[in-house]
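Heads up: the structure comes next, in C-alpha coordinates.
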Amino acid sequence: LKDSHLLDVVLSLKHDELLQFLAGTPKAIRETVFSKSPKELVRELEEELGHVGAPNREVYQAIERKVINRIKLNAQQG
(Lines give C-alpha, C1' and ligand atoms only; values in the text may rest on other atoms or scores of the structure.)
Protein backbone atom coordinates (compact mmCIF):
# COMPACT_ATOMS: atom_id res chain seq x y z
CA LEU A 1 0.00 0.00 0.00
CA LYS A 2 1.54 3.28 -1.10
CA ASP A 3 1.83 6.11 1.42
CA SER A 4 -0.52 8.25 -0.66
CA HIS A 5 -3.10 5.44 -0.71
CA LEU A 6 -2.90 5.02 3.05
CA LEU A 7 -3.40 8.74 3.54
CA ASP A 8 -6.34 8.63 1.11
CA VAL A 9 -7.95 5.84 3.16
CA VAL A 10 -7.44 7.78 6.40
CA LEU A 11 -8.83 11.02 4.99
CA SER A 12 -11.80 9.28 3.36
CA LEU A 13 -13.26 8.37 6.76
CA LYS A 14 -15.34 10.69 8.88
CA HIS A 15 -13.48 11.79 11.99
CA ASP A 16 -15.58 9.67 14.35
CA GLU A 17 -15.19 6.64 12.05
CA LEU A 18 -11.44 7.10 12.02
CA LEU A 19 -11.41 7.24 15.83
CA GLN A 20 -13.49 4.07 16.09
CA PHE A 21 -11.30 2.29 13.57
CA LEU A 22 -8.10 3.28 15.34
CA ALA A 23 -9.54 2.33 18.74
CA GLY A 24 -10.37 -1.17 17.50
CA THR A 25 -7.36 -1.89 15.33
CA PRO A 26 -4.09 -3.51 16.48
CA LYS A 27 -1.35 -1.17 17.71
CA ALA A 28 0.90 -1.94 14.71
CA ILE A 29 -1.75 -0.76 12.24
CA ARG A 30 -2.49 2.32 14.34
CA GLU A 31 1.23 3.20 14.40
CA THR A 32 1.49 2.76 10.63
CA VAL A 33 -1.49 5.04 10.08
CA PHE A 34 0.02 7.62 12.43
CA SER A 35 3.41 7.48 10.71
CA LYS A 36 1.85 8.43 7.36
CA SER A 37 -0.65 11.01 8.63
CA PRO A 38 -0.23 14.74 9.18
CA LYS A 39 1.34 15.38 12.60
CA GLU A 40 -1.43 17.74 13.70
CA LEU A 41 -4.04 15.08 12.95
CA VAL A 42 -2.00 12.48 14.85
CA ARG A 43 -1.78 14.67 17.96
CA GLU A 44 -5.52 15.27 17.86
CA LEU A 45 -6.32 11.60 17.35
CA GLU A 46 -3.98 10.42 20.10
CA GLU A 47 -5.62 12.82 22.54
CA GLU A 48 -9.13 11.76 21.55
CA LEU A 49 -8.28 8.05 21.63
CA GLY A 50 -7.62 8.44 25.34
CA HIS A 51 -11.31 9.25 25.76
CA VAL A 52 -12.75 6.60 23.42
CA GLY A 53 -13.74 3.21 24.75
CA ALA A 54 -13.67 -0.03 22.83
CA PRO A 55 -15.84 0.29 19.74
CA ASN A 56 -18.99 -1.70 19.23
CA ARG A 57 -18.10 -4.79 17.19
CA GLU A 58 -20.72 -4.14 14.50
CA VAL A 59 -19.69 -0.50 14.14
CA TYR A 60 -16.02 -1.46 13.90
CA GLN A 61 -16.73 -4.12 11.27
CA ALA A 62 -18.71 -1.65 9.16
CA ILE A 63 -15.86 0.86 9.26
CA GLU A 64 -13.33 -1.89 8.58
CA ARG A 65 -15.29 -2.84 5.45
CA LYS A 66 -15.13 0.79 4.29
CA VAL A 67 -11.36 0.79 4.80
CA ILE A 68 -10.91 -2.50 2.93
CA ASN A 69 -13.11 -1.33 0.06
CA ARG A 70 -11.11 1.91 -0.23
CA ILE A 71 -7.85 -0.07 -0.26
CA LYS A 72 -9.22 -2.33 -3.01
CA LEU A 73 -10.32 0.70 -5.04
CA ASN A 74 -6.86 2.26 -4.71
CA ALA A 75 -5.22 -1.02 -5.73
CA GLN A 76 -7.37 -1.21 -8.87
CA GLN A 77 -6.51 2.37 -9.79
CA GLY A 78 -2.77 1.74 -9.27
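Side chains included, hydrogens not; waters and symmetry mates left out as well; all remaining heavy atoms used. Residue indices begin at 1 and follow the sequence shown.
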(message) How long is the straight-line distance from OG1 of T25 back to CD of Q20, given to the nearest 0.5 Å?
(response) 12.5 Å
(request) Write out all pairs satisfying salt bridge (charged side-chain N to carboxylate O under 4.0 Å, His left out) with one or both partners inside residues 57-77, taking only residues at least two apart or from two chains. (result) D8-R70, E17-K66
(message) If I take atom CG from residue L7 and atom NZ from residue K36, how far apart are they, to the nearest 0.5 angstrom?
(response) 10.5 Å
(request) Return the minimal non-hydrogen interatomic distance between L19 and L45, and the atom names on each side. (result) CD2-CD2, 3.8 Å
(request) Locate the shortest heavy-atom distance separating A23 from R30; write the atom from each residue and the value. (result) O-NH1, 4.3 Å
(message) Is there a side-chain contact between L41 and V10 in this structure, where contact means two heavy atoms from C-beta onward sitting under 4.5 Å apart?
(response) yes
(request) Any pair with a residue in residues 13-60 that passes ring-ring contact (aromatic ring centres under 6.0 Å, His included), sequence neighbours left out, goes on the list, sorted by first then second residue, please. (result) F21-Y60
(request) Could you list the residues that satisfy side-chain contact (heavy atoms from CB on, under 4.5 Å) with K39, not counting sequence neighbours? (result) R43
(message) Looking at every non-hydrogen atom in both residues, tell me the closest pair between L13 and V67 and how far apart they are.
(response) CD1-CG2, 3.9 Å
(request) Looking only at non-hydrogen atoms, find the nearest pair between V33 and S37 and report the distance. (result) O-OG, 2.6 Å
(message) Test of understanding: clusters of I, L, V, M, F, W, Y form through side-chain heavy atoms closer than 4.5 Å, transitively. Do I29 and I68 belong to the same one?
(response) no
(message) Against V9, only a single residue in L18, N69, L73, I71 fulfils side-chain contact (heavy atoms from CB on, under 4.5 Å); can you say which?
(response) I71
